[in-house]
Amino acid sequence: MELQNFNNKTISSREIAEITGKRHSDILNAIRKMEGAWEKVTGRTFSLSEYTDATGRKLPEYQLDKRETLFVGSKFKDEDRAKLVIRWEELEIEKQQSKPLTTLDILVQ
């Protein structure tokens, strides 16, 4: 189980399912169907990991960075794509706010 984008923000396939109102199994199937094209273009597969559900079972999920999420979301309806874009904006704002301030940032403020 390897996270290819460990230092970068990712969204799990479960979060994508929650954001879009789709079943997680449907999101997993969509990602699997698109992975071949992604690998052909980028030379990389999507980062597959696992989570433990409420019953203690270990189940698969993907951790997708922004480019991967937008690629997968390109097949979704307009409203779902919009929700994913908004979620990525939120993640980027959170990341900016959590970065330590440089001396220049402090002086500017």
Side-chain angles (χ1 to χ4, degrees):
M1 182 170 53
E2 175 187 344
L3 288 180
Q4 296 172 346
N5 300 298
F6 184 73
N7 292 324
N8 296 325
K9 291 275 187 183
T10 60
I11 292 181
S12 72
S13 52
R14 289 184 302 140
E15 185 173 1
I16 292 171
E18 183 179 319
I19 289 168
T20 61
K22 298 180 184 303
R23 293 181 352 185
H24 185 232
S25 60
D26 293 337
I27 298 297
L28 290 175
N29 287 335
I31 291 170
R32 288 179 184 126
K33 285 179 185 175
M34 299 177 81
E35 189 168 30
W38 185 257
E39 185 175 14
K40 186 175 182 180
V41 171
T42 67
R44 294 180 40 198
T45 59
F46 297 129
S47 181
L48 183 62
S49 61
E50 60 184 23
Y51 71 98
T52 305
D53 74 1
T55 65
R57 296 180 301 167
K58 297 223 182 265
L59 300 171
E61 73 176 354
Y62 286 93
Q63 295 291 331
L64 304 178
D65 67 18
K66 183 177 182 178
R67 288 187 322 156
E68 294 166 342
T69 304
L70 296 178
F71 172 70
V72 169
S74 68
K75 293 285 188 172
F76 297 167
K77 64 184 181 179
D78 293 344
E79 293 84 6
D80 292 337
R81 274 196 321 275
K83 290 174 188 176
L84 290 174
V85 168
I86 290 167
R87 178 62 182 138
W88 269 108
E89 287 177 344
E90 292 169 353
L91 288 173
E92 289 170 347
I93 290 168
E94 288 172 14
K95 185 176 182 179
Q96 289 173 353
Q97 291 174 345
S98 68
K99 286 193 321 190
L101 295 177
T102 64
T103 304
L104 180 60
D105 293 332
I106 293 169
L107 290 173
V108 169
Q109 288 184 359

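Taking CG of D26 as the start and CD1 of I31 as the end, the distance is 11.0 Å to the nearest 0.5 Å. For the atom pair CZ (R81) and CD1 (I86), the distance works out to 12.5 Å, reported to the nearest 0.5 Å. For the atom pair Y62 OH and S12 OG, the distance stands at 13.0 Å (nearest 0.5 Å). For the atom pair CD1 (I11) and CD1 (I16), the distance works out to 6.0 Å, reported to the nearest 0.5 Å. Taking CG from L59 and CD from E50, the interatomic distance works out to 8.5 Å, rounded to the nearest 0.5 Å. Distance CD/E61 to OG/S47: 9.5 Å, rounded to 0.5 Å.
Counting only residues at least two apart or in different chains, salt bridge (charged side-chain N to carboxylate O under 4.0 Å, His left out) contacts with residues 27-39 are absent.
Legend: residues meeting side-chain contact (heavy atoms from CB on, under 4.5 Å) with L70, ordered by chain and number and at least two apart, are K66, V85. Judged as a side-chain contact (heavy atoms from CB on, under 4.5 Å), and not counting sequence neighbours, the contacts of K22 are T20, I27, F76, D80. Partners of W38 under the ring-ring contact (aromatic ring centres under 6.0 Å, His included) rule, at least two apart in sequence or in another chain, are F46, F71. Taking T55 as the reference, D53, R57 meet the side-chain contact (heavy atoms from CB on, under 4.5 Å) condition, with sequence neighbours excluded. Not counting sequence neighbours, the partners of E79 by the side-chain contact (heavy atoms from CB on, under 4.5 Å) test are K77.
Taking all atoms of both residues into account, the shortest heavy-atom contact from L28 to P60 is CD1-O, 4.0 Å.
For the pair V72 and L84, the minimum side-chain heavy-atom distance is 4.5 Å or more.
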Query raised in the report: salt bridge (charged side-chain N to carboxylate O under 4.0 Å, His left out) between K83 and E90: does it pass, once the steps are laid out?
Result: CA-CA 11 Å; K83 290 174 188 176; E90 292 169 353; over 6 Å; no
**Report entry** Check against side chain to side chain donor-acceptor pair (under 3.5 Å), R23 and S25
**Finding:** CA-CA 5 Å; R23 293 181 352 185; S25 60; 3.1 Å; yes
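One finds a salt bridge joining E94 and R87 here, because a Lys/Arg side-chain nitrogen approaches an Asp/Glu carboxylate oxygen to under 4.0 Å.
When each of E68, Q63, E15 is tested with T10 by the rule side chain to side chain donor-acceptor pair (under 3.5 Å), just one qualifies, namely Q63.
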